[in-house]
2 protein chains.
Amino acid sequence: MSAYYSEHARFLVSVDCIIFGFKDGRLQLLIGKRQMDPGRGAWSLYGGFVKADEDIDTTAKRTLTSLTGLSKVFMRQVGAFGAVDRDPGERVISVAYYALINVADYDDRLREKYGLQWFDMDALPPLYSDHKEMIGMALTRLRRQVAAGPAGLRLLPDLFTLTQLQRLYEAVFGKEMDKRNFRKRIQAADFIEKTALIDKSGSKRGAALYRFNKNFVQDYPDIKQ
Amino acid sequence: MSAYYSEHARFLVSVDCIIFGFKDGRLQLLIGKRQMDPGRGAWSLYGGFVKADEDIDTTAKRTLTSLTGLSKVFMRQVGAFGAVDRDPGERVISVAYYALINVADYDDRLREKYGLQWFDMDALPPLYSDHKEMIGMALTRLRRQVAAGPAGLRLLPDLFTLTQLQRLYEAVFGKEMDKRNFRKRIQAADFIEKTALIDKSGSKRGAALYRFNKNFVQDYPDIKQ
DNA sequence: CCAAAAGTGTTTGCCTTACACCCATGC
DNA sequence: GCATGGGTGTAAGGCAAACACTTTTGG
């Protein structure tokens with residue numbers, strides 16, 4: 001092993017996961033009570049330490065997979081949090097990621113096993129360390145991402161009705177939307193396609209089911225080069 | 001010193017600064033040749049290691065100040081870069097920040113002393129490690145920030161003409177803009193105010209000088225709570 | 001007097017918003 | 001037959017884009 005930069009300080013680096021789900025028409029967050037000192041028993045994001053030979057993105061995925069059993073989850077970095085005293089125990093630099101999961105894919109027994117709980121985004125308990133700040137930034141990113149493209153669909157099952165989708169958008173942006181305008185907007189978006197299937201569970205008449213259009217190719221208009 | 005988490009790996013953490021300037025009507029970047037191995041002589045962002053008792057934000061400011069002599073510089077975090085092999089020397093996790101400086105405030109002798117050079121954003125040389133990726137992301141953030149508010153003014157002197165400002169916006173967004181529409185937009189923005197001063201250097205007729213309106217209060221419409 | 005940059009309004013199309021009623025079905 | 005959620009169109013206002021000429025003055 002080389003030691004080019006050996007005279008400098010070294011730090012514990014962790015990942016904290018902001019796990020968004022959509023349940024009961026509301027945007028929810030999966031958090032748990034800390035199992036270790038300091039702060040044992042405080043509500044906290046789920047996190048894990050970066051391993052010596054592991055990309056930080058990989059740490060995030062590993063942490064999430066170990067927790068939920070899900071792989072191929074949509075995750076995006078929120079940023080690095082590096083105040084000296086952010087963790088009351090020892091200095092830890094943390095990189096926050098947010099994840100979007102479809103709660104139906106998530107085994108509730110795993111949730112219980114890890115002592116995790118879904119909380120409504122606007123009824124969060126006090127949180128450990130700077131986790132509240134991380135969540136605030138993650139929500140901003142989530143909104144931008146959902147406004148810009150199909151990311152929001154990750155929070156729904158593969159097949160969904162337009163009413164479900166509208167409830168999701170309303171939950172993400174925290175405001176009610178007009179049904180007709182919403183449907184016009186969705187029909188204009190090329191990332192959602194109608195199927196021939198009908199969902200009869202939500203209403204007597206039945207509602208058309210839609211899904212993500214796999215032919216959709218994202219273009220990133222503002223990333224140059 | 002406590003050791004709550006002592007069994008985990010520890011990492012070198014550095015900061016890399018993406019320093020934007022506006023010179024000769026173009027968006028430019030301040031970079032230098034690496035002075036150390038590995039990669040000695042390669043073009044590189046300027047960076048520094050995080051110290052044991054230092055917030056990462058502070059590392060970024062310290063690094064920038066030591067380089068430019070400027071304090072109170074506008075800086076924003078871009079994100080953490082944590083691939084295992086991103087640095088060919090030893091594993092280093094780096095947090096990228098971008099900074100906006102007014103080149104007129106910057107002592108050119110300091111630039112020479114550190115062997116730094118301004119490069120046009122669309123004529124960058126090959127860069128060390130993942131620095132090109134950092135720059136791409138920083139540019140995306142910069143555009144968002146400038147589109148949303150007064151951040152772009154940090155790249156100009158305190159007093160500026162509308163033509164200068166338009167050239168700046170054109171450089172940031174990489175496209176030409178219509179003069180009349182641009183001026184309408186600026187006159188509608190409440191963060192810029194006209195002064196009674198006239199700049200005679202750029203034209204025979206003279207152009208009105210504008211400045212940042214210090215009464216402007218930023219509101220962040222989409223950051224909840 | 002002319003070159004060179006400063007300054008100034010109107011029209012058009014598009015996209016967003018507001019708004020109310022009929023449809024299909026299970027019970 | 002009625003309660004329940006599903007589904008549809010149009011008009012108005014606001015915003016962004018296109019577009020060309022007059023003004024001032026140093027040389």
Side-chain angles (χ1 to χ4, degrees), chain A residues 22-26 143-144 146-149 152-153 156-157 159-211 219 221-222, chain B residues 22 24-26 143-144 146-149 152 156-157 159-211 219 221-222:
Chain A
F22 180 62
K23 246 171 76 90
D24 309 325
R26 294 175 170 278
R143 285 176 176 168
R144 189 154 46 224
V146 170
L153 305 187
L156 290 177
L159 293 168
F160 49 85
T161 68
L162 291 186
T163 300
Q164 281 178 282
L165 186 64
Q166 184 177 344
R167 296 289 164 266
L168 169 65
Y169 274 68
E170 289 173 338
V172 167
F173 294 100
K175 63 177 179 203
E176 300 206 336
M177 298 176 181
D178 177 84
K179 182 163 60 159
R180 278 170 296 186
N181 293 337
F182 180 79
R183 285 166 184 244
K184 244 181 301 176
R185 195 148 63 83
I186 293 301
Q187 264 132 35
D190 46 1
F191 56 81
I192 287 176
E193 65 181 9
K194 194 172 185 172
T195 70
L197 304 170
I198 305 289
D199 169 69
K200 304 281 282 186
S201 68
S203 71
K204 292 161 184 170
R205 176 176 174 179
L209 286 164
Y210 288 73
R211 69 176 165 217
D219 59 333
D222 64 348
Chain B
F22 180 62
D24 308 324
R26 295 175 169 277
R143 285 176 176 167
R144 189 155 43 224
V146 170
L156 290 177
L159 293 169
F160 49 86
T161 68
L162 290 187
T163 300
Q164 282 177 282
L165 186 64
Q166 184 177 343
R167 296 289 165 264
L168 169 66
Y169 274 69
E170 289 173 338
V172 167
F173 294 101
K175 63 175 181 205
E176 300 205 335
M177 297 176 182
D178 177 85
K179 181 162 62 158
R180 278 170 294 186
N181 292 335
F182 180 78
R183 284 166 184 241
K184 244 180 301 174
R185 195 147 63 83
I186 293 302
Q187 264 134 34
D190 46 0
F191 55 81
I192 288 175
E193 65 180 9
K194 194 173 184 171
T195 69
L197 304 169
I198 304 289
D199 170 68
K200 303 283 282 185
S201 68
S203 72
K204 294 161 183 172
R205 177 176 173 177
L209 285 164
Y210 288 73
R211 70 174 165 219
D219 59 333
D222 65 347

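Below, read A as the first sequence line, B as the second, and so on, with proteins coming before strands; counting in each chain starts at 1. Everything numeric in this text was worked out from a predicted model, so none of it was measured. The analysis underlying the following values was restricted to heavy atoms, covering all of them including side chains, and did not include hydrogens, waters or symmetry mates.
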Q) Quick one: CG on B/Asp178 to CZ on B/Arg183, what's the gap to the nearest 0.5 Å? A) 10.5 Å
Q. What distance do A/Ile198 atom CD1 and A/Thr161 atom OG1 have between them, rounded to the nearest 0.5 Å?
A. 11.0 Å
Q.
If you assign each of B/Ser203 and A/Gly206 to its closest nucleotide in DNA chain D, which residue comes earlier from the 5' end?
A. A/Gly206
Q: Give the rounded distance in Å between these two atoms: CZ of B/Arg167 and C1' of C/dA6.
A: 12 Å
Q | Below 4.0 Å: OP1/OP2 of D/dA18 and any side-chain N or O of B/Arg180 | A | no
Q) Taking only side-chain nitrogens and oxygens of B/Thr163, does any of them come within less than 4.0 Å of OP1 or OP2 of C/dA6? A) yes
Q: Give me the ring orientation class for A/Phe160 and A/Tyr210: parallel if the planes are under 30° apart, tilted from 30 to 60°, perpendicular past 60°.
A: parallel
Q | OP1 or OP2 of C/dG26 under 4.0 Å from side-chain N/O of A/Lys200 | A | yes
Q | Length of the line joining B/Phe182:CZ and C/dG7:P, which is rounded to integer Å | A | 12 Å
Q.
Counting only side-chain heavy atoms from C-beta out, which of D/dC19, D/dG6, D/dG7 sits nearest to B/Asn181?
A. D/dC19
Q. What about A/Arg205: does its side chain form a donor-acceptor pair under 3.5 Å with the base of C/dA24?
A. no
Q) NZ of A/Lys175 versus P of C/dT17: gap in Å, rounded? A) 7 Å
Q. Roughly, in whole Å, what's the span from CG in A/Leu197 to C1' in D/dG6?
A. 16 Å
(Q) With a 4.5 Å cut-off on side-chain heavy atoms, are B/Val146 and B/Leu168 touching? (A) no
**Q.** Residues, nucleotides or ligands: over 12 heavy atoms within 6.0 Å of B/Glu176 CD
**A.** no
Q. Once you round it to whole Å, what is the distance between P of C/dA6 and NZ of B/Lys204?
A. 12 Å
**Q.** 5' precedence on DNA chain D between A/Asp178 and B/Arg185 (nearest-nucleotide basis)
**A.** A/Asp178
Q.
Regarding A/Lys179, tell me which of base, sugar-phosphate or nothing describes its non-hydrogen contacts under 4.0 Å with the strands shown.
A. base
Q: Please state how far atom CG in A/Asp199 lies from atom C1' in D/dG7, giving the value in whole angstrom units.
A: 15 Å
Q. What about B/Lys184, does its side chain sit under 3.5 Å from the base of C/dT10 through a donor-acceptor pair?
A. yes
Q) Rounded to the Å, how far apart are B/Tyr210 OH and C/dA6 P? A) 11 Å
Q: Round to the nearest Å and state the distance from A/Ile198 atom CD1 to C/dT25 atom P.
A: 9 Å
Q: Pick base, sugar-phosphate or nothing for B/Arg183, based on heavy-atom distances below 4.0 Å to the nucleic acid.
A: base
